[in-house]
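To keep things clear, I will list the structure first and then write my remarks on it.
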Amino acid sequence: MAVKIFFPTCCSAAESGLLIGRWISEHRSAVVLAMLHVPFIPGQVKQYLAHLQQSTGLSLSVLGSWSHKKAEKDEKIESFLYDLSSIFSHRPWLRLSREASSKFWDCSIERCDGGDQEEVVLVYYDERKLMLSELHSVTENSEIASVFATVAKCRPLFAKHKYDEGPIKLTHWQSDGVEASIIVELIKQFSVPLCAVLSFLVSVLTSLRTLRVLGGKPLSFVWNKLSTSEQLGKRLENIGLVSSTERAKDHKEFMRKANTVVSILLDMALGVLLMSWLYRENQISQLADTLMPVADRVAVELQELLQWLMGAPAGLKMNGALDEVLGRFYMYHIHLWTSYIRLMSPFIEVILWYIGLSACLGLSIALSILSDIIALLTFHIPVYCFYVYGARLYCFKMHGLSSLWRLFRGKKWNVLRHRVDSCSYDLDQLFLGTLLFTVLLFLLPTTALYYLVFTLLRLLVVLVQGLIQLIVNLLNTLPLYTVVLRLCRS
């Protein structure tokens with residue numbers, strides 16, 4: 001009957017030492033639980049194993065030696081470990097060895113009851129997954145159940161690892177993340193003063209933001225209209241939440257802090273990538289040189305659109321006088337916008353340079369600044385001014401037509417009670433109302449067409465700004481930490 005050795009995968013790269021585990025005689029199996037490293041005192045090791053036997057109820061012992069040959073000095077350690085077999089007289093005595101550059105192992109059994117060399121079957125198992133499973137609750141009727149129960153009952157053994165200050169140095173599944181835990185602890189110690197400095201800076205910036213001088217009506221109106229101001233306010237709130245030294249009250253608040261930290265790191269990483277792309281191979285100058293022809297092309301297209309509206313668009317009969325007045329009015333605004341762009345052309349490269357520099361604060365900050373610059377550069381074209389002019393004129397005519405329509409029906413709008421009441425009009429009022437209604441009705445198609453065209457252009461630019469704002473909101477609210485936990489450790 002072959003002897004089975006259940007060996008943990010976390011110990012395959014461990015330094016040379018002794019095998020700590022349990023021998024299951026009825027199944028002729030050895031369950032290796034940990035690796036004991038030199039230096040140690042045999043008497044202390046025996047006392048430690050006796051204490052473990054009392055706390056776990058299992059007969060734990062030194063099963064044999066493990067040799068991981070990485071250099072010539074490891075051969076001396078191997079001979080030293082072999083000599084320890086006379087002190088730890090376990091029957092049978094296991095000898096496992098491997099070389100660092102080889103995938104093959106050397107497994108042998110000494111002091112067997114049968115006397116002959118027996119066949120050895122090496123079985124790998126994952127201690128961590130076995131500890132997290134619930135299969136160890138069954139009775140030890142089978143060999144596998146005995147292995148599960150052995151690992152589950154040895155929690156006191158896993159409380160020590162090779163980085164402890166005591167005389168016992170062990171390697172097991174808990175030792176895998178100890179190096180990372182030490183780094184995390186150092187980061188935690190360093191994060192305390194860093195969080196204090198961040199909290200002070202956030203408090204100073206928040207107090208400056210809430211000053212009465214900046215909270216006045218003109219400036220407050222400007223701050224509310226700028227996407228950059230809104231994004232900076234959110235970033236200050238997030239930094240204040242992250243830099244808080246108070247512990248999270250519940251799991252929900254902890255997950256919120258973790259998601260905020262990951263979103264800020266992702267935002268800044270993407271911003272650094274954007275900044276590295278902009279400042280590589282003179283990309284900013286190329287973008288600045290590209291924007292001016294694009295602006296000229298937009299102005300030409302708008303002029304052609306107005307020329308089309310001033311004629312017979314789609315075969316519609318427009319009011320010639322009003323069409324001429326509106327066309328010349330909007331043509332003049334296009335001329336103003338072209339002059340405005342020409343005036344700003346020497347500063348476009350500098351503006352793009354500062355946008356790229358602001359990307360170090362995060363991609364969301366750079367996108368917010370880009371959205372505000374689009375709004376400022378397109379202020380004199382249909383994005384805003386043309387749309388406002390057309391909307392006001394269209395609303396004025398619709399309001400006049402609705403009032404005159406109520407006049408024909410003998411009604412009027414009661415401003416005090418906010419309702420429509422009956423009213424009697426004389427002949428002169430009805431005649432004047434009929435003339436005004438006719439004039440407004442025949443002028444309505446011309447005004448409605450201009451309003452429709454400029455509304456569509458307004459929606460086009462608002463769609464671009466909305467797409468930018470969608471990306472910014474996605475960077476701010478994406479629960480990336482929760483998603484990663486769900487995918488990796490569901």
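Index from 1, following the sequence.
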Side chains of [X] and [Y]: does their closest heavy-atom pair fall under 4.5 Å?
X    : Y    : value
L444 : M398 : yes
L278 : L287 : yes
V453 : L305 : yes
L370 : I468 : yes
I20  : L63  : no
V472 : S368 : yes
T150 : F6   : no
Y330 : Y389 : yes

With side chain to side chain contact (heavy atoms under 4.5 Å, CB included) as the test, would you mind laying out the steps for I348 and M292 before giving the verdict? CA-CA 9 Å; I348 290 179; M292 289 308 301; 3.7 Å; yes
If we count only N and O atoms by modelled type, under 3.5 Å, do the side chains of [X] and [Y] hold a donor and an acceptor together?
X    : Y    : value
T228 : D372 : yes
N476 : S263 : no
T447 : K397 : yes

Check step by step if side chain to side chain contact (heavy atoms under 4.5 Å, CB included) holds for Y125 and V31. CA-CA 10 Å; Y125 75 96; V31 183; 4.0 Å; yes
Shortest non-hydrogen contact from [X] to [Y]?
X    : Y    : answer
M268 : L361 : CG-O, 4.0 Å
C154 : L33  : SG-CD1, 3.3 Å
M275 : A359 : CB-CB, 4.2 Å
C107 : L122 : SG-CD2, 4.4 Å
A299 : T338 : CB-OG1, 3.8 Å
S358 : A366 : OG-CA, 4.1 Å

Euclidean distance, [Y] [atom2] relative to [X] [atom1], rounded to 0.5 Å:
X    : Y    : atom1 : atom2 : value
L457 : L302 : CG    : CG    : 7.0 Å
K234 : I365 : NZ    : CD1   : 10.5 Å
L367 : L274 : CG    : CG    : 7.5 Å
L270 : L475 : CG    : CG    : 6.5 Å
Y450 : F329 : OH    : CZ    : 11.5 Å
M255 : D250 : CE    : CG    : 11.5 Å

CA sep, side-chain torsions, deciding dist, call: L306, I334, side chain to side chain contact (heavy atoms under 4.5 Å, CB included): CA-CA 10 Å; L306 288 175; I334 291 177; 3.3 Å; yes
Less than 4.0 angstrom from a charged side-chain N to a carboxylate O is my criterion; do D323 and R328 meet it?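 No salt bridge links D323 with R328.
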Would you say [X]'s side chain and [Y]'s backbone share a donor-acceptor pair under 3.5 angstrom?
X    : Y    : answer
Q53  : L60  : yes
Y279 : W353 : yes
H335 : M331 : no

Please list, chain by chain and in numerical order, all residues satisfying side chain to side chain donor-acceptor pair (under 3.5 Å) with Y451, sequence neighbours excluded.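 Side chain to side chain donor-acceptor pair (under 3.5 Å) list for Y451, sorted by chain: empty.
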Sequence neighbours excluded, which residues qualify as side chain to side chain donor-acceptor pair (under 3.5 Å) partners of R235?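 In terms of side chain to side chain donor-acceptor pair (under 3.5 Å), with neighbours along the sequence ignored, R235 is linked to D267, S364.
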For the pair N259 and L480, evaluate side chain to side chain contact (heavy atoms under 4.5 Å, CB included) and give the outcome as yes or no after the intermediate values. CA-CA 6 Å; N259 288 323; L480 189 61; 5.7 Å; no
Does atom OH (Y124) have a neighbourhood of more than 12 heavy atoms from anything else shown, all under 6.0 Å?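 Correct, the count exceeds 12.
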